[in-house]
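In what follows, every chain begins at residue 1, and chains take the letters A, B, ... in the order their sequences are listed.
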Protein chains: 2
Amino acid sequence: MTITKHLPGLPLERALGVISGRWKAVIVHVLLSGPKRTSELGKHIPSLTQKVLIQQLRALEDHGLVFRTAGADDAHRVDYALTPLGLSLEPLIAQLRAWGEHHAEELDDTDRLLPCEAVVRPLISS
Amino acid sequence: MTITKHLPGLPLERALGVISGRWKAVIVHVLLSGPKRTSELGKHIPSLTQKVLIQQLRALEDHGLVFRTAGADDAHRVDYALTPLGLSLEPLIAQLRAWGEHHAEELDDTDRLLPCEAVVRPLISS
DNA sequence: CTTTCCACCCACCATTTGGTGGGTATGATG
DNA sequence: CATCATACCCACCAAATGGTGGGTGGAAAG
């Protein structure tokens, strides 16, 4: 039942395979601030459609970065949270961010950079 | 004249955009051991076809990680080398590799990992 | 002069990816 | 009971990506 994209054999490419994908890093970023429901994630990332959200979540699940907790039978109170493996991504993500900025600076392209809020809506309150 | 994929605004995704691509990381890896000619690169990475090699090299060039040195007019003695920006990728690549291994271990998937030599041929001699 | 090697380019194809717009079953709310 | 929100699934589409198989023009080697 796995969507599991057979990850490449080289560790480096395996890592890239796991975190690259149009929204994966963003989702992980949001989940770093605690578990969220499907709809919350959707609200945090308005430009992301439901289908794609779920696609990405499934992939993250398959790769062991995220886990689902559903209430009882199925559905209606689903939470997604990072696994330890997901959490272990944090420093890597930080370094990628830093390098991305460095890259933009070196290429005098900093004005094309967007702040996080351009994509991730804060959504005040608990 | 740029093939330049318009990199995403978020620094994190920008970084991913720059290094993800079927062979980019491998090529950078090879270039870390010094400048190489087009054909040398091809020999180091047998499973990579010429067209795709050049494609990837162009992308790396556009993104400022690599530069070309051609002799005189054009062609026939072309070298590709990493720019400082390209070199600055080294620690990031190392961390990605490490995390890829970690990921495989956590998922008891280490047997699917390939050693570098499965893809990059050493090619003894200078 | 012919052959080989080198650094390419081009037309074309297959797969993958993200994305749109519907639909469904269920529980909660008025 | 009618309506709404949640957490999905499905058929379908469009763009991007990787890849194949053929060139080309020029330097170098036999």
Establish, with yes or no, whether the OP1 or OP2 oxygen of [N] is under 4.0 angstrom from a side-chain nitrogen or oxygen of [X].
| X | N | answer |
| --- | --- | --- |
| A/W23 | C/dT17 | no |
| A/T49 | C/dG18 | no |
| B/K43 | C/dC6 | yes |
| A/R58 | D/dC8 | yes |
| B/K24 | D/dG18 | no |

- Query: When the nearest nucleotide of DNA chain C is assigned to A/Q56 and to B/T38 on a heavy-atom basis, which residue is associated with the more 5' position?
  - Reply: B/T38
Length of the line joining [X]:[atom1] and [N]:[atom2], which is rounded to integer Å:
| X | N | atom1 | atom2 | result |
| --- | --- | --- | --- | --- |
| A/E40 | D/dT6 | CD | P | 10 Å |
| A/Q50 | C/dG21 | CD | C1' | 12 Å |
| B/R68 | C/dC8 | CZ | C1' | 9 Å |
| B/I54 | D/dG19 | CD1 | P | 15 Å |
| A/Q55 | D/dA7 | CD | C1' | 15 Å |
| A/R77 | C/dG27 | CZ | C1' | 9 Å |
| B/R37 | C/dC5 | CZ | P | 15 Å |
| A/K51 | C/dT20 | NZ | P | 10 Å |

- Message: Between B/R14 and A/E101, does any NZ, NE, NH1 or NH2 come within less than 4.0 Å of an OD or OE carboxylate oxygen?
- Response: no
- Message: Does this structure show an ion pair linking A/R58 with A/E61, if we count only N-O contacts that are shorter than 4.0 Å?
- Response: yes
- Message: Quick check: on DNA chain D, is the nucleotide nearest B/V52 upstream (toward 5') of the one nearest A/D79, or the reverse? Name the residue that is more 5'.
- Response: A/D79
- Could I get the full list of side chain to side chain donor-acceptor pair (under 3.5 Å) partners for B/S88, not counting sequence neighbours? A/W99
- Message: If the condition is side chain to side chain donor-acceptor pair (under 3.5 Å), which residues does A/D79 pass it with, not counting sequence neighbours?
- Response: none
- At their closest point, which heavy atom of B/H29 faces which heavy atom of B/C116, and how far apart are they? NE2-SG, 3.6 Å
